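Values below: every heavy atom of this structure, side chains too, minus hydrogens, waters and symmetry copies. Index from 1, following the sequence. The structure displayed is predicted, hence computed values, not measured ones.
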Amino acid sequence: MKSIKSFASMWRKKELAQRKINDALQGYNLTTTAKDIYVFTAAAHSTCITNIVNHSHFADKSLSTIKRAVQELKGKKLLVESDLNYLQDDKRVVWLTINEHSTNA
């Protein structure tokens, strides 16, 4: 088992990361799931709902919760649909990217 000191260090890093996320998204009243999806999409440069659902971080989130959070982000114009669909035959997959013009995150 990890030492108490190690857990304390991890907690401080988690708090700092969360503070930075909240600062970057200030002015947007987002759910925690929406914030996580925004950061996940920014880190991946683009993603789709299937990738989000299949990622271990979102294992405890239902498909409907994830879809609702994506709609929340799209409604606030933080996520936009990308034109990456030309890369594959399945037109049902919608690729999402962050709207870099909406925030300085």
**Prompt:** How many angstroms lie between atom NZ of Lys61 and atom CZ of Phe58, to the nearest 0.5 angstrom?
**Reply:** 8.5 Å
**Message:** Please enumerate all residues that pass side-chain hydrogen bond (donor to acceptor under 3.5 Å, both in side chains) together with Ser62, with sequence neighbours excluded.
**Reply:** Ser64, Thr65
**Item:** Residues forming a side-chain hydrogen bond (donor to acceptor under 3.5 Å, both in side chains) with Lys20, sequence neighbours excluded
**Value:** none
**Asked** Between OG of Ser82 and CG of Asn99, what distance do you get to the nearest 0.5 Å?
**Response** 12.0 Å
**Asked** If every non-hydrogen atom of Lys74 is compared with every non-hydrogen atom of Leu96, which pair is closest and at what distance?
**Response** CD-CD2, 4.2 Å
**Message:** Rounded to the nearest 0.5 Å, what separates atom CD1 in Ile52 from atom CG in Asp36?
**Reply:** 10.5 Å
**Trp95 to Ser46 - nearest heavy-atom pair and separation** = CE3-OG, 4.1 Å
**Item:** Cluster link Leu79 to Val53, ILVMFWY, side chain under 4.5 Å
**Value:** yes
**Asked** With distance as the sole test, does Ser9 use its side chain to make a donor-acceptor pair with the main-chain N or O of Lys5 at under 3.5 Å?
**Response** no
**Request:** Apply the test side-chain hydrogen bond (donor to acceptor under 3.5 Å, both in side chains) to residues Asn29 and Lys76: give CA-CA distance (whole Å), side-chain angles for both, the deciding distance (0.1 Å), then the verdict.
**Result:** CA-CA 10 Å; Asn29 187 18; Lys76 295 183 185 296; over 6 Å; no
**Value rounded to 0.5 Å, distance of OG1 in Thr50 from CG in Leu63** = 8.5 Å
**Asked** If you measure from CD1 on Ile49 to NZ on Lys67, what distance do you get to the nearest 0.5 Å?
**Response** 6.0 Å
**Message:** Run Tyr38 and Leu30 through side chain to side chain contact (heavy atoms under 4.5 Å, CB included) and show every step you take.
**Reply:** CA-CA 10 Å; Tyr38 182 83; Leu30 299 172; 5.5 Å; no
**Complete:** Taking every heavy atom of Thr33 against every heavy atom of Ala69, the minimum-distance pair comes out as CG2-CB, 3.8 Å
**Prompt:** Can you name the side-chain hydrogen bond (donor to acceptor under 3.5 Å, both in side chains) partners of His55, sequence neighbours left out?
**Reply:** none
**Request:** Could you check Gln18 against Lys14 for side chain to side chain contact (heavy atoms under 4.5 Å, CB included), going step by step and ending with a plain yes or no?
**Result:** CA-CA 6 Å; Gln18 192 60 53; Lys14 183 177 179 174; 5.6 Å; no
**Request:** Under the side chain to side chain contact (heavy atoms under 4.5 Å, CB included) rule, what do Val70 and Arg68 come out as? Steps first, then yes or no, please.
**Result:** CA-CA 5 Å; Val70 166; Arg68 204 170 22 256; over 6 Å; no
**Request:** Dump the intermediate steps for side chain to side chain contact (heavy atoms under 4.5 Å, CB included) on Arg19 and Asp23, then the final yes or no.
**Result:** CA-CA 6 Å; Arg19 197 172 313 121; Asp23 288 347; 4.2 Å; yes
**Same apolar cluster: Ile98 and Tyr28, side chain cutoff 4.5 Å** = yes
**Message:** Just verifying a value: how many Å separate Leu73 CG and Leu78 CG, rounded to the nearest 0.5 Å?
**Reply:** 5.5 Å
